[in-house]
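Sequence lines set the chain letters: A, B, ... in the order given, protein chains first and strands last, and positions in each chain run from 1. Small disclaimer: the values here were computed from a predicted structure and weren't measured.
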Amino acid sequence: MQASSYNFPHLVNSILHKPTSISSLAYFRIAFGALVLISTLRFIILGWVQNQYLDPTYHFTYYGFDWIQPYNNALIYGIFGILLISAVGVLLGYFYRISSILLFLSFTYIELLDKSYYLNHYYFVSVVAFMLIFLPAQKNYSLDSRLNRVKAIESIPNWMILLLQLQIAIVYIAAGIAKINPDWLFDALPLKIWLPAKNSLPIIGPLFTFDWIPYAFSFFGMLFDCTIPFFLWWKRTRIVAYLAVVVFHLLTGILFQIGVFPLVMIALTPIFFDQETHNRILKPFKNAVILKSYSPKPILQWLFGTHLLFQLLLPFQPLLYSGNMFWTEEGYRFGWRVMLAEKAGTATFFIRETGANANTEKSIINSEYLNLHQEKQMAFQPDMILQYAHHLEKTMIQKYGYVNPSIRCETYVSLNGASSKLLIDPSTDLTMQKRGYAKKTWILSNK
Amino acid sequence: MKIIYSNLLLLILLLSVSTSCSSDDNASQESNFDRQAFLQFMLDEQILPAVTNLESKASSLNALVADFSATPSSQQLQTAKTTWVELASAWQYMHIFDFGASELTTGNLGEEIATFPIDVTEMLDYAENASVLFQNFERDTRGLYAVEYFLFSPSADLNNQNQLAYLKALTERLAQQTSTVAQKWNTTGKVTFLAQNGTDAGSSLSNLVNALAKSYEAIKNFKLGVPLGLRPGQPTSEPSRVEAYYSDTSLALMLAHFNSLANIWKGNANFSDRSGLGFEEYLESVFGGEELKTSTSKAITEINQKFIQIDSRTSLKDAINSEPTKIIELHNLFQQHTRFFKSDLASLLGVSITFNSGDGD
């Protein structure tokens, strides 16, 4: 029996279940609540609720989630209200369980409304919100424990912190691996397009006129993403690594229009710090420990095990499809592929009545049905082109009395500065094509 | 850990060697395009001359109409008609610059003065009721093409004092609105235009790239597509929806409109033979730009040739009825080439066209 304490499973077990201070988890809860609160307020103040969700007459729903609609203005503002309140709840650890559930549901509802606004960091927020529902993040340093709504504890099993660290590591490493492609590494694309456009920035602007800069940024970016979690884990490099995180994200924040993403990573990567640091930061908020020992329900390990497995597999979705994923976008989302390609298109839709009442072909003015951002996103993403075609079909039948229209789309797409080419077969009748995860045979090759 | 470090270093070295090799075969570009000079040329040689010209024509027309209403004569009317055509042509050169200082409190200058087709019944109703305050959003009862109706339409009745008064109010409003916009461009407008010299959403470049696509598509969709009846829900063509229906100058105005866009593209001054920095020069300095420059240059030539083939003195409304083939061909040419002026340009210049956050890293 003695010998078994040195065997591998035992070692893993002891690492996973070694008690660690709850202060790390509490830090994460507070930072996350504050982030969601700030970014939601920013979103509301910028008037984006109105212009992204209420003004458009059509939304690009996710396959299987078509029932998620704005329905009416009161509902959307109500959901934003719930999101704000629940973010405060999570931040303070007040009515935490219900707050964390509401935060996850309201945020995710809003994200599922329209995929033209899909951002990896919004997806990340949903993922973290989901994880926080099941973690005992309110069991100290919180109003719930101060008010004795829950019994304050001292420590939690180490796997809970490891889990959050792993989740962040997956984001970075997947983003890094995605950068290992010839365009990014050998042609410095799309940075070769993006960086020179920033030459009017003060101080760093002139740098971007040098030809070698995009190459350097591309390589550094790839190396940073692939390795940073390890340098954060390793105690001797941790401080430098965190400084690098701050500088790196601030720099990308200045260079690109990426909203709150830099803030998200800067605020959440301190989960890699050791428990003493979190203890020190949160000391004034500590509540007297009432429950000496805490052991979570075993089912949680199964839940998070499955979660991690999914997280590890999702970035590999494009392997299920043939073709260049940057071109076809099949399996592209939910894989932490961030700022990897410069892509734009112009899509023109044509409609014609078929059968006995066949008439001449008419062309659609997209701005009558979509806002500028929706049109821009749709023009180069086949699943959205198909959705929009189906929406047009329905609209044309209702509004103009078409009976059996056929709709085709000519969309010219430019990827990473190459001259634009047809993305999909312009003769395909899109009304006959089904949505779903099956390979879209009407996407043309970009060769 | 030492081993990892040295491996990492080796990797970086290997990669940088391979980069420097591969970067050789990409012709080195001069990526320091002077965006400030580009904006300055556009301001000095395109925007300011265009807005000054617009203001001056509107003011002349207003004076002529005022004279005419005091002492009507057919000669006065003839001069007013000629000035109207000049004014409508002057507007074409401002069409794209309908942002920034062109925004009035009641809407953009284009919406305010250049909405077509007009609603004659509604407008005559207002005239009969001597309602000349324009306190509504029925923009199809005022502006350039409302004036055109009174000057050119055989069914307009300038002996009717109410109609004459309405016409007078229309030209006064035109003169006043164009003067406000000209003044704004000449003061705060130009300062802001030059200061916003980046590539973010809201920068002058981003406004321009958006406006170029919008203005180009306005020719395709509203000056050609809708009159041709190419929009769903139109059972037949609707020649009554052409721009400048009553003066029958649609094609000449459309050509002027297209010329103004081509000038911006090529960096040519609007009303002189000077040339400077345009989108072509900008494209020469960015990755992938040469190819787009060549394709657009070809596209502009093709469209111009089609205009020549049709002859800009042709009546567009008649041609749509009698021989629409050439007009449809013109429309289709615009359609085919849209991508160059819309997505391809924005993409190569790395300009953000909306305020939404991008996918960050």
What part of [X] lies closer than 4.5 angstrom to a heavy atom of chain B: side chain, backbone, both or neither?
{"X": "A/Asn416", "value": "backbone"}
{"X": "A/Leu340", "value": "neither"}
{"X": "A/Thr348", "value": "side chain"}
{"X": "A/Phe224", "value": "neither"}
{"X": "A/Trp336", "value": "neither"}
{"X": "A/Arg337", "value": "backbone"}
{"X": "A/Glu353", "value": "neither"}
{"X": "A/Glu361", "value": "backbone"}
{"X": "A/Phe380", "value": "neither"}
{"X": "A/Lys376", "value": "side chain"}
{"X": "A/Phe220", "value": "neither"}

With respect to chain B, which residue among A/Ala344, A/Pro405, A/Gly401 yields the maximal number of heavy-atom pairs within a distance under 4.5 Å?
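Heavy-atom pair counts peak at A/Ala344.
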With only heavy atoms counted, which part of B/Ile353 is less than 4.5 Å from chain A, the side chain, the backbone, both or neither?
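When you check distances to chain A, atoms from both the backbone and side chain of B/Ile353 fall under 4.5 Å.
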Where does B/Ala213 contact chain A at under 4.5 Å (heavy atoms): side chain, backbone, both or neither?
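It is neither, since no heavy atom gets under 4.5 Å.
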Reported [atom1]-to-[atom2] distance for the pair [X] and [Y], which is rounded to 0.5 angstrom:
{"X": "A/Glu368", "Y": "B/Arg231", "atom1": "CD", "atom2": "CZ", "answer": "4.0 Å"}
{"X": "A/Thr360", "Y": "B/Leu230", "atom1": "OG1", "atom2": "CG", "answer": "7.5 Å"}
{"X": "A/Ser116", "Y": "B/Asn356", "atom1": "OG", "atom2": "CG", "answer": "8.0 Å"}

Out of A/Ile365, A/Ile351, A/Leu392, which one pairs with B/Pro232 under the side chain to side chain contact (heavy atoms under 4.5 Å, CB included) rule?
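Passing option: A/Ile351.
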Can you confirm whether the side chains of B/Thr338 and A/Thr346 place a donor and an acceptor under 3.5 Å from each other?
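Checked: B/Thr338/A/Thr346 side chains show no N/O donor-acceptor pair below 3.5 Å.
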When you check the side-chain N and O atoms of A/Ser420 and B/Asp344, is any donor under 3.5 Å from an acceptor?
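A/Ser420 vs B/Asp344: donor-acceptor pair found between side chains.
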Answer yes or no: is there a side-chain heavy-atom contact under 4.5 Å between [X] and [Y]?
{"X": "A/Lys198", "Y": "B/Asp200", "value": "yes"}
{"X": "A/Leu189", "Y": "B/Phe287", "value": "yes"}
{"X": "A/Leu119", "Y": "B/Ser357", "value": "yes"}

If you count heavy-atom pairs under 4.5 Å between each of B/Gln335, B/Glu291, B/Gln234 and chain A, which one has the most?
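Counting heavy-atom pairs under 4.5 Å, the top option is B/Gln335.
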Among B/Gly198, B/Gly289, B/Pro235, B/Ala201, who wins on heavy-atom pairs under 4.5 Å with chain A?
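That would be B/Ala201.
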Before you tell me yes or no, could you show the steps for B/Arg35 and A/Ser200 under side chain to side chain donor-acceptor pair (under 3.5 Å), namely the whole-Å CA-CA distance, both residues' side-chain angles and the distance that decides it to 0.1 Å?
CA-CA 8 Å; B/Arg35 210 157 38 236; A/Ser200 60; 3.1 Å; yes
Electrostatic pair B/Lys342:A/Glu375 at N-O distance under 4.0 angstrom
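Yes.
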